[in-house]
Amino acid sequence: MPKNILTLRDLGHGGIMAILDILQARKAAAESGISAEILASGSGRSANLGAMPSVARGAAMLFARESASERLALCSCLDDLGISREYFAPGSWKREPSGLADEAPAYGFYRDLCLVYGLKKDALHVLAEYSGTLTINMGNESNRPPRLLADLAFFHTILSAHKDGQSPLQDTIQPIDWTSLRLAWVGGANGLANSLIEAAMYFPFELFMALPEWGEPDREILGLSLAAGARIFLTREPDLAVEGASFVYEGVEKNPDFSGAGKTAPAMAVTNDLMTLARPDAVLLPGLENDELARLPKDLIDIYRKTRPALLAHALTAED
């Protein structure tokens with residue numbers, strides 16, 4: 001049975017690179033007019049670039065909270081891959097760990113996939129353990145693997161350099177210098193921030209995070225990344241984080257738990273003045289889900305749309 005993907009650590013460096021390879025091969029194939037399968041065989045890549053299993057019994061889309069954009073994106077992805085789907089709306093299924101242990105096997109009995117959105121970490125692990133089928137976290141308050149994979153693909157595309165004078169059937173992408181990439185995060189941490197910290201385990205970019213006291217990231221994930229040599233720098237000062245950055249993430253601006261009557265909630269926001277400290281060509285990236293698709297850069301939206309099928313292709317064909 002393929003391995004569940006609940007965080008980026010479940011993919012590891014090899015899995016992440018395999019997905020980036022799928023996306024890059026499909027991009028090169030589209031630009032050259034050559035099929036991805038031919039490009040794969042000619043470049044030494046896996047010949048199974050995005051090929052789905054011959055038998056796919058379908059997917060259960062389990063949403064613990066509503067998100068029209070996420071639901072539409074997943075439906076489109078599964079339709080394109082020819083995988084049937086069934087949607088389980090919030091309130092129509094048990095979302096607490098105690099109830100999921102008994103209910104989870106029903107979701108996997110006739111399906112190859114459980115695609116889960118918005119389910120809290122503890123319940124997600126119970127579902128993955130008892131469903132008996134491949135479970136993928138499409139995003140929750142602790143981790144957001146699909147979005148961060150899209151961001152990595154975006155960074156990879158920007159950092160990539162093409163070799164001159166080579167056939168598109170050859171490996172056209174030079175190794176890229178991740179050490180030249182400087183990222184900034186400003187605001188409270190969320191699932192995307194935790195996934196970004198995880199990615200720093202595998203890619204040597206610099207990550208400067210300006211975090212308020214009320215918005216710290218997951219301590220376990222941060223500790224693991226730092227122990228692995230991740231280049232992560234923490235501060236309370238947004239200007240120190242943003243200075244010289246190529247990409248700036250907007251985190252949680254205000255403390256969601258603030259309840260001071262008659263007082264203004266302390267905020268940490270990305271302002272126009274703050275962005276002047278970044279590189280002149282710096283890109284501002286939304287770190288929240290509610291307006292994500294409306295505010296993503298155009299090039300990233302295209303990659304964001306293509307990342308889900310690449311993730312599913314890898315997940316369904318990779319060996320545990």
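Computed from heavy atoms alone, side chains included, the values below leave out hydrogens, waters and symmetry copies. Residue numbers count from 1 along this sequence.
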| query | Does a salt bridge link E70 with R308, judged by any charged N lying under 4.0 Å from a carboxylate O? | reply | yes

| Point-to-point distance, once rounded to the nearest 0.5 Å, from CG of L100 to NZ of K94 | 8.5 Å

| Expected output: side-chain R236 to main-chain L211 donor-acceptor under 3.5 Å | yes

| query | Atom NE2 of H13 and atom CG of L20: how far apart are they, to the nearest 0.5 Å? | reply | 8.5 Å

| If you measure from SG on C77 to CE on M138, what distance do you get to the nearest 0.5 Å? | 7.0 Å

| Heavy-atom pair with the smallest gap, counting every atom of K3 and R9 | NZ-O, 4.4 Å

| request: Assess R71 against Y117: is NZ or CZ under 6.0 Å from the centre of the six-membered ring, and within 45 degrees of the ring's axis? | output: no

| query | Do Y304 and R147 have side-chain heavy atoms sitting under 4.5 Å apart? | reply | yes

| task | Check whether any side-chain N or O of T133 sits under 3.5 Å from a backbone N or O of R111 as a donor-acceptor pair, and report yes or no. | result | yes

| Shortest non-hydrogen contact between S195 and L8, atoms and distance | O-CD1, 3.3 Å

| query | So do L152 and I19 actually touch side chain to side chain, heavy atoms under 4.5 Å? | reply | no

| Approximate separation, where rounding is to 0.5 Å, of L316 CG and L134 CG | 5.5 Å

| task | Verify the neighbour count for atom CZ of R279: are there more than 12 heavy atoms of other residues, nucleotides or ligands below 6.0 Å? | result | no

| message | Tell me whether the rings of F247 and F154 are parallel (<30°), tilted (30 to 60°) or perpendicular (>60°). | response | perpendicular

| Which pair of heavy atoms, one from A282 and one from M275, lies closest together, and at what distance? | CB-CE, 4.2 Å

| Common cluster, F155/L207, ILVMFWY with side-chain heavy-atom separation under 4.5 Å | yes

| said: Taking OH in Y87 as the centre, count heavy atoms belonging to other residues, nucleotides or ligands within less than 6.0 Å. Is the count above 12? | reply: yes

| task | Check for a donor-acceptor pair, side chain of S225 on one end and backbone N or O of A230 on the other, with a separation under 3.5 Å. | result | no

| request: Would you check if the side chain of S76 reaches a backbone N or O of A73 as a donor-acceptor pair within less than 3.5 Å? | output: no

| request: Answer whether the closest heavy-atom distance between the side chains of L300 and D151 falls below 4.5 Å. | output: yes

| Side-chain heavy-atom pair L311, L149 within 4.5 angstrom cut-off | yes

| Closest approach of M268 to A210 (non-hydrogen atoms, all atoms of both residues) | SD-O, 3.2 Å

| task | Specify the closest pair of heavy atoms between D218 and N194, including all atoms of both residues, with the distance to one decimal. | result | N-OD1, 3.0 Å

| Same cluster or not: are L124 and L148 linked, directly or through other Ile, Leu, Val, Met, Phe, Trp or Tyr residues, by side-chain heavy atoms under 4.5 angstrom apart? | no

| query | Less than 4.5 Å apart, any side-chain heavy atom of N143 and any of I221? | reply | yes

| said: Using the side chain to side chain contact (heavy atoms under 4.5 Å, CB included) definition, which of the options L288, V270, V186 pairs with E250? | reply: V270

| field | Close side-chain approach of M209 to I197, heavy-atom, < 4.5 Å | value | yes

| request: Give, for atom CD of E96 and atom CD of E103, the distance between the pair rounded to the nearest 0.5 Å. | output: 11.5 Å

| query | If you measure from the Lys or Arg side-chain nitrogens to the Asp or Glu carboxylate oxygens, is any gap between D302 and K298 under 4.0 Å? | reply | no

| field | N140 and V116, any side-chain heavy atoms less than 4.5 Å apart | value | no

| Around atom CD of E141, are there more than 12 heavy atoms of other residues, nucleotides or ligands at under 6.0 Å? | yes

| field | Test log, rule side chain to side chain contact (heavy atoms under 4.5 Å, CB included), inputs H314 and L11 | value | CA-CA 10 Å; H314 171 77; L11 287 168; 3.7 Å; yes

| request: Quick one: do L62 and L119 satisfy side chain to side chain contact (heavy atoms under 4.5 Å, CB included)? Show the steps, please. | output: CA-CA 9 Å; L62 296 161; L119 187 62; over 6 Å; no

| Do F233 and L224 belong together in a cluster built from hydrophobic side chains that touch within less than 4.5 Å? | no

| query | Under 3.5 Å, is there a donor-acceptor pair between the side chain of D10 and the main chain of T7? | reply | yes

| Counting only heavy atoms not in E243, do more than 12 sit closer than 6.0 Å to its CD atom? | no

| query | Rounded to the nearest 0.5 Å, how far apart are CG of L78 and CG of L74? | reply | 6.0 Å

| query | What is the ring orientation for W178 with F203, classed by angle as parallel under 30°, tilted 30 to 60°, or perpendicular over 60°? | reply | tilted

| task | Apply side chain to side chain contact (heavy atoms under 4.5 Å, CB included) to K121 and H125, showing your working. | result | CA-CA 6 Å; K121 180 180 177 180; H125 281 273; 3.9 Å; yes

| said: Please tell me whether W93 and F88 form a close aromatic pair, meaning their ring centres lie under 6.0 Å apart. | reply: no

| task | Grab the two heavy atoms, one from P145 and one from L6, that are nearest each other, plus how far apart they are. | result | CG-O, 3.7 Å

| query | Can you hop from L72 to L312 via hydrophobic side chains spaced under 4.5 Å? | reply | no

| request: Would you check if L285 and L183 make a side-chain contact, meaning some heavy-atom pair closer than 4.5 Å? | output: no

| Does V252 belong to the same Ile/Leu/Val/Met/Phe/Trp/Tyr cluster as F208, with side-chain heavy atoms less than 4.5 Å apart forming each link? | no

| field | Exam field: side chain T157 to backbone A153, donor-acceptor pair closer than 3.5 Å | value | yes

